[in-house]
Structure formats: C-alpha cells, structure tokens
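Step one of this worksheet: look at the structure below.
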Amino acid sequence: MYEPKPEHKFTFGLWTVGNIGRDPFGEPVRRQLSPVEIVHLLAEVGAYGVNLHDNDLVPIDATPAERDKIVAEFKRALAETGLVVPMATTNLFGDPAFKDGAFTANDPQVRAFALQKTMRAIDLGVELGAKTYVFWGGREGTETDAAKNPLDAAKRMRDALNFLCDYVIDQGYDLKFALEAKPNEPRGDIYLATTGAMLGFIETLDHPEMVGVNPEVAHEHMAGLNFLHHVAQAWDRGKLFHIDLNDQAFGRYDQDFRFGSVNLKSAFFLVKFLEDVGYDGSRHFDAHAYRTEDYEGVKDFARGCMRTYLILKEKAVQWNADTEIQALLAEINADDGSMAVYAPPYTSEKAAALKEASFDRIALGQRGLGYERLDQLTIEVLLGVR
Ligand code: GLT
Ligand code: MN
Ligand code: MN
C-alpha cells in the first residue's frame, strides 16, 4: 500500500545513500559504494531517480577518457534499472581551492575556475537527462566579515548566475536553475541564508524566469524558521523548482535525518501542501542514514523516507475528507459577504467608505476560534485514532 512508484518521483542523491558516515569527529563507518552500486541499491528500494554532483560520479582529477568510461558505465546502470537523473549539481565546496567560496571567492582565478567547473558539470548533467540544476553555495560565505564585503559577494554571485544562464541559453539546453539556501555550515555564515533571501535575489538576475529555488527542510529548521511558509512563498511565486526533504531538530547542526523522523506535524503539513497544490517535481530526499547503520540500515533509511511520505500523503487525504475538520474550517473561514464592499483591490471610494465604517472591536477580540480543537483533531489523525 505504501509502495513507492515512479509517479511519486522519489529521488535520492548519490551522496545521500552513498554517505559513508564520516563526521568531524570520526572516520567512515561504511564502505564507499560505486555510483553503479548506488543506482542498483536505489532501484532495489523503489526510487524513481538519482541526482548527483559532478564529482559524485567523475573524480575531480579524472582524465577525459576515464570520465567517458565512468559515464558510460553509469548510463548502462540507469538503462538496466530504469532510474532517471532529474537533477544535477556541482561540487563547489569539497576541494581546498574553494575554501573561500566559489562564485564569491575573493580570488578571481577561483571564481573563473568555479564557472569552468560548473559549465562542465552542466554539460554532464544535461548529457544524463537532468532538467533541473541545483546551486547550493555551501562555501559562499564568511567566518569574518573583515574578509569580504557582502555587497561584493552579492555582485559576484549575480554575475556568476547571469553568466551561467547565458551559457545554458547559448547551448540551447532545456535546463532551469534551483538555488538552495542554508544559514551556516560549512561556513560560519552563508550568504543568502534563507529561501526568502534567495527569492529576493532571483528577481535581480538577468533571466529570473530560468531560476527558482530548492528549499531544504533542515536548512530552514536550522535557523528556527517555519519551512512550510518558505515553500508556500516559493510556490506562490512559481519558484518551487525542486525540494530537498529530510528532517532536523531545530537549532542543531546539519543533521540530514530521515524524512519525518523529527517533526512529524511539520512533515505532515508539508506533504499536505505539496499534494494539495499539485507540486509535480521530484521529491528529493537529501538525507542520510544514521552513522550507526550498515547498508541494510541505509536501505531501511531510504525506504523509511518514501514510506513516511506516502503515509503522510494518505493522512492528508483523510484530513481533507474529515467532516469534523472540514466543519471547523468552514466556521473559521465563514464570510457573510458584508465586507466585500471594502475588499481589495483599492479604490478611493472603498478607502473613504472603510475609514467611516464601524467595527465591534470588543466582540472581535472575544470570539474563540476553535484552533485547539482543530489541532487536536490533526494530532489524532496523525496518531491513527480517527
Ligand atoms: C550537501 C548539502 C545539501 C545540498 C547538496 C547539493 S550537497 O550535502 O548538505 O543540502 O543539497 O549540493
Ligand atoms: Mn542539509
Ligand atoms: Mn540539500
């Protein structure tokens, strides 16, 4: 019943199920699987697609001949399993050359190298069939603002994205960009720290229509923010090009836990939102298994992400069909039409009439809204007692 199917568009990055459990305090606990092995693992658990950074597949120092061989083997694994590559991205954070950022680095050589690396990675992504290209600027930030003027950083970031949009147009690629915000880690502070900041920045680009966002649950939660509200703002602007699903305790380091494993109610309202509005992009699980797990545990992790999503999707249908919940919602949103004469859009007549209108402010303040009952009903749907 909760079996993942291709139409659910569940995807994982090579780096997610391929995570070997290294952390700042400890060595790897799992063997590094090859990209081909990861494709087979994902096929076994029922995923639809696999996403990648350039260097998840092709090592940074591979020769052109090595690259071609690796890509050919990977394509064979995709053909054998039926998995697709909906999204690709560039690793602009792992190599020491990017220690001061990539597009925003102070050194113009680093910035030029970052553009070169990204153009080559875009070529690779397009060759594999990707239609969405993610930009996560993990190193685009500072530890000290003495080192970089944030206005220079903003200009460099804008110049780089404009350059790359023009490159995509020039090549005739069918590709859109999705910018992923994160407040910090690995930098002390990362520029454009939230999805909202990205949405503002996009409007300053030469081709804003090519660029949207890739919000990640954990990244807004690290900053103590409401993820759903950021997703909704992106959706409202037609900018939800991709989404990274995972989970995270508020205020902690970047935990990248299994989807739905920490904030179940937030996960529920997120799934309900995506399903209600008809989001039809990838549901990408950008997360990894606990460091305690072997590869059976990694499969448990991956299956758990998809299964929880599908359970929450079913709960959303149940919530929408619950007559008591719907009756409460109807009450909350009741409208006798008497305010329509003042409702936006603005006219000077409406403004004048509204300034003269009288309101029973005391009664408005005294009315109970029933949100306690509504939330408890939600909890009971989630706990499976309704
Ligand atoms: C990295 C990061 C993720 C980004 C990936 C894309 S890589 O693991 O933590 O949130 O989405 O570069
Ligand atoms: Mn993350
Ligand atoms: Mn992510």
(message) Tell me whether Asp375 is salt-bridged to Lys265, with the criterion being a basic N under 4.0 Å from an acidic carboxylate O.
(response) yes
(request) Over 60° means perpendicular and under 30° means parallel, so classify the ring planes of Trp15 and His284, tilted if in between. (result) perpendicular
(request) Decide, yes or no, whether a salt bridge links Glu143 with Arg187 under the criterion of side-chain N to carboxylate O below 4.0 Å. (result) yes
(request) Kindly compute the distance separating CG (Asn320) from CD (Glu275), expressed to the nearest 0.5 Å. (result) 10.5 Å
(request) For the residue pair Thr195 and Glu220, confirm or rule out a side-chain donor-acceptor distance under 3.5 Å. (result) yes
(request) Give the minimum heavy-atom separation between Ile38 and Gly18, together with the two atoms involved. (result) CD1-CA, 3.8 Å
(message) Quick check: closest heavy atoms across Leu42 and Gly49, and the distance to 0.1 Å?
(response) CD1-O, 4.3 Å
(message) Do Gln255 and His288 have side chains that approach each other closer than 4.5 Å (heavy atoms only, starting at C-beta)?
(response) no
(message) If the threshold is 4.0 Å, N to carboxylate O, is there a salt bridge linking Asp100 and Arg139?
(response) no
(request) Could you tell me whether the side chain of Ile70 reaches within less than 4.5 Å of the side chain of Pro59, counting heavy atoms only? (result) yes
(message) With a 3.5 Å distance limit and no angle check, can you tell me whether Arg283 reaches the backbone of Gly281 through a side-chain donor-acceptor pair?
(response) yes
(request) Give a yes or no on whether the backbone of Phe12 and the side-chain of Thr16 come within a donor-acceptor separation of less than 3.5 Å. (result) no
(request) Please confirm whether the backbone N or O of Ala77 pairs with a side-chain atom of Thr81, one donor and one acceptor, at under 3.5 Å? (result) yes
(message) Under the criterion side chain to side chain contact (heavy atoms under 4.5 Å, CB included), I'd like the reasoning laid out for Thr89 against Leu52: C-alpha separation, chi angles, the key distance, then a yes or no.
(response) CA-CA 6 Å; Thr89 181; Leu52 49 98; over 6 Å; no
(message) Between Arg111 and Asp107, does any side-chain N to carboxylate O distance fall below 4.0 Å?
(response) no
(request) Give, for atom NZ of Lys313 and atom OH of Tyr2, the distance between the pair rounded to the nearest 0.5 Å. (result) 12.0 Å
(message) I'd like to know if the side chain of Lys182 and the backbone of Trp136 have a donor-acceptor N/O pair within less than 3.5 Å.
(response) no
(message) Is it true that Arg156 and Thr104 share a donor-acceptor pair across their side chains at a distance under 3.5 Å?
(response) no
(request) Carefully, step by step, assess Ile243 and Tyr279 under the rule side chain to side chain contact (heavy atoms under 4.5 Å, CB included). (result) CA-CA 10 Å; Ile243 193 163; Tyr279 168 77; 3.8 Å; yes
(request) May I ask whether Phe25 and Tyr290 are part of the same hydrophobic cluster, defined by side-chain heavy atoms of I, L, V, M, F, W, Y residues being less than 4.5 angstrom apart, directly or through others? (result) no
(request) State, without any angle test, whether Thr378 and Trp319 hold a side-chain donor-acceptor pair at a distance under 3.5 Å. (result) yes
(message) I need the minimum non-hydrogen distance between Ala88 and Ala130, along with the two atoms involved.
(response) N-CB, 3.9 Å
(request) With rounding to the nearest 0.5 Å, note down the distance linking CG in Asp170 to CG in Leu164. (result) 12.0 Å
(request) Kindly compute the distance separating CZ (Phe227) from CG (Asn246), expressed to the nearest 0.5 Å. (result) 8.0 Å
(message) Restricting to non-hydrogen atoms, name the atom on Met210 and the atom on Cys165 that form the minimum distance, rounded to 0.1 Å.
(response) CE-O, 3.7 Å
(message) With no hydrogens and no angle check, just 3.5 Å: does a side-chain donor-acceptor pair link Glu380 and Gln376?
(response) yes
(request) Could you tell me whether Glu80 and Arg76 have a side-chain N and a carboxylate O separated by less than 4.0 Å? (result) no
(message) So, taking the atom named CG in Leu245 and the one named CG in Asp256, what distance separates them when rounded to the nearest 0.5 Å?
(response) 12.0 Å
(message) Using a 3.5 Å distance criterion without hydrogens, assess whether the side chain of Asp247 forms a donor-acceptor pair with backbone atoms of Val262.
(response) yes
(message) Check for me whether Lys176 meets the cation-pi criterion with Phe241, that is, NZ or CZ under 6.0 Å from the six-membered ring centre and within 45 degrees of the ring axis.
(response) yes
(request) Indicate, with yes or no, if Phe98 and Ile122 share a hydrophobic cluster defined by side-chain heavy-atom contacts under 4.5 Å among Ile, Leu, Val, Met, Phe, Trp and Tyr. (result) yes
(request) Kindly indicate whether the side chain of His219, heavy atoms from C-beta on, has any atom under 4.5 Å from the side chain of Asp254. (result) yes
(request) Please step through side chain to side chain contact (heavy atoms under 4.5 Å, CB included) for the pair Asn184 and Met222, ending with a clear verdict. (result) CA-CA 9 Å; Asn184 57 271; Met222 283 172 73; 3.7 Å; yes
(message) With a 4.0 Å cut-off on N to O distance, would you call Arg258 and Glu293 a salt bridge?
(response) no
(request) Say whether Asn91 and His53, considering side chains only, have a donor N or O and an acceptor N or O under 3.5 Å apart. (result) no
(message) Between Arg291 and Val29 (side chain of the first, backbone of the second, donor and acceptor by atom type, cut-off under 3.5 Å), is there such a pair?
(response) no
(request) Would you mind listing every ring pair (Phe, Tyr, Trp, His ring centres under 6.0 Å) that reaches into residues 153-201, with sequence neighbours excluded? (result) Phe135-Phe177
(message) A quick test of your reading: do over 12 heavy atoms of other residues, nucleotides or ligands sit less than 6.0 Å from NZ of Lys69?
(response) no
(message) What verdict does the side chain to side chain contact (heavy atoms under 4.5 Å, CB included) test give for Lys131 and Asp174, after you've listed the backbone C-alpha separation in whole Å, the side-chain angles of each residue and the deciding distance to 0.1 Å?
(response) CA-CA 6 Å; Lys131 295 274 187 285; Asp174 173 19; 3.2 Å; yes
(message) A side-chain contact here means heavy atoms from C-beta on lying under 4.5 Å apart; do Ile202 and Lys239 qualify?
(response) yes
(message) I'd like to know if the side chain of Asp294 reaches the main chain of Gly297, judged simply by a donor and an acceptor atom lying under 3.5 Å from each other, with no hydrogens or angles considered.
(response) yes
(request) Starting at OG of Ser282, measure out to OH of Tyr48 and round the result to the nearest 0.5 Å. (result) 6.5 Å
(request) Report the C-alpha distance between Arg22 and Glu27 in whole Å, list the side-chain angles of each, state the deciding distance to 0.1 Å, and finish with yes or no for salt bridge (charged side-chain N to carboxylate O under 4.0 Å, His left out). (result) CA-CA 5 Å; Arg22 180 189 289 123; Glu27 299 304 324; 5.0 Å; no
(request) State, with a plain yes or no, whether a side-chain heavy atom of Ile169 is found less than 4.5 Å away from one of Asp166. (result) yes
(request) Taking only Lys NZ, Arg NE, NH1 and NH2, and the carboxylate oxygens of Asp or Glu, determine whether Arg373 and Glu324 approach each other closer than 4.0 Å. (result) yes
(request) Check whether Leu175 and Val50 end up in the same hydrophobic cluster, where Ile, Leu, Val, Met, Phe, Trp and Tyr are linked by side-chain heavy atoms less than 4.5 Å apart. (result) no
(request) Please name the pair of heavy atoms, one in Val381 and one in Lys315, separated by the smallest distance, quoted to 0.1 Å. (result) O-NZ, 3.1 Å
(request) Measure the shortest side-chain to side-chain distance between Ile20 and Arg31 over non-hydrogen atoms and say whether it is less than 4.5 angstrom. (result) no
(request) Determine yes or no for a side-chain-to-main-chain donor-acceptor pair under 3.5 angstrom, with His8 supplying the side chain and Lys5 the backbone. (result) yes
(request) Would you check if Pro215 and Asp244 make a side-chain contact, meaning some heavy-atom pair closer than 4.5 Å? (result) no
(request) Taking all heavy atoms of Thr90 and all of Thr118, pick out the closest pair and write down the distance. (result) OG1-CG2, 3.6 Å
(message) I'd like to know if Lys117 and Asp54 make a salt bridge, using a cut-off of under 4.0 Å between side-chain N and carboxylate O.
(response) yes
(message) Please determine whether residues Leu270 and Leu225 belong to a single hydrophobic cluster, defined as Ile, Leu, Val, Met, Phe, Trp and Tyr linked transitively by side-chain heavy-atom distances below 4.5 Å.
(response) no
(request) With sequence neighbours left out, write down each residue that passes ring pair (Phe, Tyr, Trp, His ring centres under 6.0 Å) with Tyr295, or none if nothing qualifies. (result) none
(request) Answer yes if Ile190 and Met157 sit in the same cluster of Ile, Leu, Val, Met, Phe, Trp and Tyr residues linked by side chain heavy atoms under 4.5 Å apart, and no otherwise. (result) no
(message) Assess whether a salt bridge exists between Glu127 and Arg67, defined as any Lys/Arg side-chain N lying under 4.0 Å from an Asp/Glu carboxylate O.
(response) yes
(message) Between Lys148 (side chain only) and Ala153 (backbone N and O only), is there a donor and an acceptor less than 3.5 Å apart?
(response) no
(request) Would you indicate whether the side-chain heavy atoms of Leu374 and Leu329 approach each other to under 4.5 Å? (result) yes
